[in-house]
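This one's a predicted model, so the numbers in the text were calculated from it and none came from an experiment.
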Amino acid sequence: MENKTERIIGAEAVVRSLLEEGADLAYGYPGGAIMPIYDELYKYQEKLHHVLTRHEQGAIHAAQGFARVTGKVGVALATSGPGATNLITGIADAQIDSTPLVCITGQVASHLLGTDAFQETDVISISAPVTKWNIQVTKSQDIPAAIAKAFYIAKSGRPGPVLIDITKDAQLGELDYSYEKCTAVRSYKPVPETDIEKVKEAAELINAAKKPFIVFGQGVILGEAEAELKALIEKSGIPSAWTVLGLSALPTEHPLNVGMVGMHGHYGPNKLTNECDLLIAIGMRFDDRVTGNLETYAKQAKVVHFDIDPAEIDKNVKTDVAVLGNSKDTLSKILPFIDEKSHDAWFDEFKKYRDIENEAVINPQLNPTKEGLTMGEVINQVNKETNGDAVVVSDVGQHQMFTVRYADFTTTRSNVTSGGLGTMGFALPAAIGAKMGAPEREVVTFIGDGGYQMTCQELGTILQTKAAVKIVVLNNEYLGMVRQWQQLFFDKRYASTTMINPDFIKLAEAYDIKARKVVKREELAEAVKEMIASDESYFLEVMIEKEDNVFPMVPTGASVSDVRLK
């Protein structure tokens with residue numbers, strides 16, 4: 001049966017195609033080359049809500065935050081030229097963190113392409129290295145198929161961002177509109193077939209191991225395999241650690257959750273990576289921040305790698321058995337072959353290291369004897385008020401590592417941060433998107449005083465939308481992470497890391513956001529309680545010990561075994 005068609009312009013086809021894909025929220029900033037689409041958004045505003053951010057980077061990060069908490073495709077819009085190029089940082093961030101986005105940019109009329117017309121940039125060439133797929137549309141009739149393909153590619157397999165660049169004449173030209181969702185693309189196989197023999201081989205290695213160790217990443221969350229991961233861990237009795245983006249796939253208080261791996265991960269997981277006899281990687285990509293020096297990484301262990309992306313197998317770490325496929329499917333398949341076990345003696349090794357870390361690092365953070373406030377105690381105070389149920393959004397820097405180390409999580413899709421790209425300025429707009437994606441949940445964002453000033457104009461988006469985001473700026477008047485490295489490795493030469501900041505309280509109040517500043521420890525608990533109790537957005541500035549460092553730490557280029565406690 002043929003789809004019915006009707007005669008409309010390309011700009012309306014864009015909006016109707018978005019609606020066909022279930023999009024009801026988009027973030028963006030208008031301009032000349034995308035004005036026809038915005039005119040149609042105005043007509044469809046009851047069905048497709050558009051959020052006007054204060055910068056295109058705010059739009060893309062908000063779309064990321066929305067996608068991360070919902071699992072849906074985030075939508076961002078921008079005009080040509082600077083509007084399109086302002087999206088690139090967020091697109092690159094989404095590409096490396098596997099976040100599904102559809103970005104639509106306006107472009108100059110097709111007869112002007114290549115003439116250096118006003119606000120013309122070759123966004124297709126610019127975005128090609130950081131998108132999963134991109135396309136330039138110059139004919140109105142190609143718009144529906146391009147959008148259908150974009151949504152399919154963005155969400156299927158290993159998710160990622162796509163970009164559609166639409167010339168102004170394509171937006172204004174007429175077409176016979178009909179819509180058909182995309183369900184396949186020739187030569188694109190988003191989910192590789194799982195080899196059951198590889199599943200059995202992996203199970204044999206797991207069952208035979210004396211010191212097995214699981215490291216799980218965001219692939220578990222993207223594959224919606226949290227229940228399967230938990231079942232595997234509990235049946236096998238294997239100690240399990242998470243990457244930064246894997247955090248919240250397993251509750252932080254789960255008895256077999258031994259903490260975080262990586263540069264600022266927990267002491268035991270890093271140390272014992274080089275003592276396990278089997279390393280089981282699930283939905284993670286062996287990033288350099290996790291592995292440290294690859295020449296010394298887990299050389300004593302056999303490696304089983306579960307992943308949806310064949311390109312990740314043997315890319316960084318040589319694998320003994322690779323199990324390809326969606327994590328929900330592969331973990332379901334292996335579970336019947338896994339022996340029910342416990343590894344008490346091996347687990348006790350993690351406990352010993354945890355006790356050492358507690359004494360040297362964690363207790364001094366949570367119960368400090370020095371006068372200045374620590375980031376760990378602020379985050380812990382928020383834990384107490386939210387019971388670990390909040391969506392926690394962090395920016396990039398010292399506070400990010402403190403957040404992923406000390407925040408508690410009970411629910412998946414609750415940790416939103418910029419992992420692979422490390423984009424300062426990510427958190428405030430991402431928190432706005434997260435709150436709109438999960439309006440019933442508390443959303444708390446921890447931001448450093450440096451990253452906050454990169455996108456603090458998005459307070460205007462909060463003013464306009466009334467998004468009830470709770471903002472905590474941890475202010476040490478430094479670019480803290482860079483300063484820590486300067487202290488440890490550059491003889492305390494604090495080159496260009498001292499921050500002279502504005503009055504953040506006045507700034508928040510200028511945007512009609514209730515604000516409070518905490519300087520003393522005795523003020524903290526009551527201030528956090530007031531913030532969480534608020535039904536509206538709230539800004540809390542906490543002055544932090546200026547030279548408080550985040551430990552443990554694996555120095556760049558060092559082995560994970562060389563993790564430092566101070």
For [X] versus [Y], what's the shortest heavy-atom pair and its separation?
| X | Y | answer |
| --- | --- | --- |
| Gly425 | Asp395 | N-OD2, 3.0 Å |
| Val261 | Ala241 | CG1-CB, 3.8 Å |
| Ser327 | Gly219 | OG-O, 2.9 Å |
| His61 | Gly90 | CE1-CA, 3.7 Å |
| Leu524 | Val378 | CD2-CA, 4.1 Å |
| Ala231 | Leu335 | CB-CD2, 3.7 Å |

Query raised in the report: Tyr297 and side-chain contact (heavy atoms from CB on, under 4.5 Å): which partner among Val303, Val290, Asp288?
Result: Val290
Query raised in the report: Taking Asn475 as the fixed residue, which of Leu373, Asn501, Ile544, Ile447 is the one that meets the side-chain contact (heavy atoms from CB on, under 4.5 Å) rule?
Result: Asn501
Give a yes or no on whether a salt bridge exists between [X] and [Y], defined as a side-chain N under 4.0 angstrom from a carboxylate O.
| X | Y | value |
| --- | --- | --- |
| Asp309 | Arg158 | yes |
| Lys370 | Asp548 | yes |
| Glu228 | Lys333 | no |
| Glu312 | Lys315 | yes |
| Arg516 | Glu541 | no |
| Arg289 | Asp287 | no |
| Glu377 | Arg521 | yes |
| Glu523 | Lys520 | no |
| Lys328 | Glu226 | no |

Query raised in the report: Among pairs that include at least one residue of residues 409-430, which meet salt bridge (Lys or Arg N to Asp or Glu O under 4.0 Å), considering only residues two or more places apart or in two chains?
Result: none
Query - Verdict with reasoning, Asp93 to Gln64, per side-chain hydrogen bond (donor to acceptor under 3.5 Å, both in side chains) - result: CA-CA 9 Å; Asp93 193 289; Gln64 286 177 274; 2.8 Å; yes
Roughly how far, to the nearest 0.5 Å, is [atom2] of [Y] from [atom1] of [X]?
| X | Y | atom1 | atom2 | result |
| --- | --- | --- | --- | --- |
| Ile60 | Ile88 | CD1 | CD1 | 8.5 Å |
| Arg285 | Ser98 | CZ | OG | 7.5 Å |
| Asn358 | Asn363 | CG | CG | 5.0 Å |

Query - Pairs touching residues 338-370 that satisfy ring pair (Phe, Tyr, Trp, His ring centres under 6.0 Å), sequence neighbours left out - result: Phe213-Phe350, Tyr267-Tyr353, Trp346-Phe350
Which residues share a side chain to side chain donor-acceptor pair (under 3.5 Å) with [X], sequence neighbours left out:
| X | result |
| --- | --- |
| Asp348 | none |
| Thr89 | none |
| Thr194 | none |
| Gln486 | Thr497 |

**Report entry** ring pair (Phe, Tyr, Trp, His ring centres under 6.0 Å) involving Tyr478 - partner list, sequence neighbours excluded
**Finding:** Tyr494
**Report entry** Partner set under ring pair (Phe, Tyr, Trp, His ring centres under 6.0 Å) for His305, not counting sequence neighbours
**Finding:** Phe286
Requested in this report: Describe, in one word, how the ring planes of Phe539 and Tyr452 are oriented to each other, choosing from parallel (under 30°), tilted (30 to 60°) and perpendicular (over 60°).
Outcome: tilted
Requested in this report: Using modelled atom types only, decide if a donor and an acceptor are shared between the side chain of Asn207 and the backbone of Asp339 within a distance under 3.5 Å.
Outcome: yes
Going by salt bridge (charged side-chain N to carboxylate O under 4.0 Å, His left out), name the residues that satisfy it together with [X], two or more places apart in sequence or in a different chain.
| X | value |
| --- | --- |
| Arg483 | none |
| Glu547 | none |
| Asp320 | none |
| Glu234 | Lys230 |

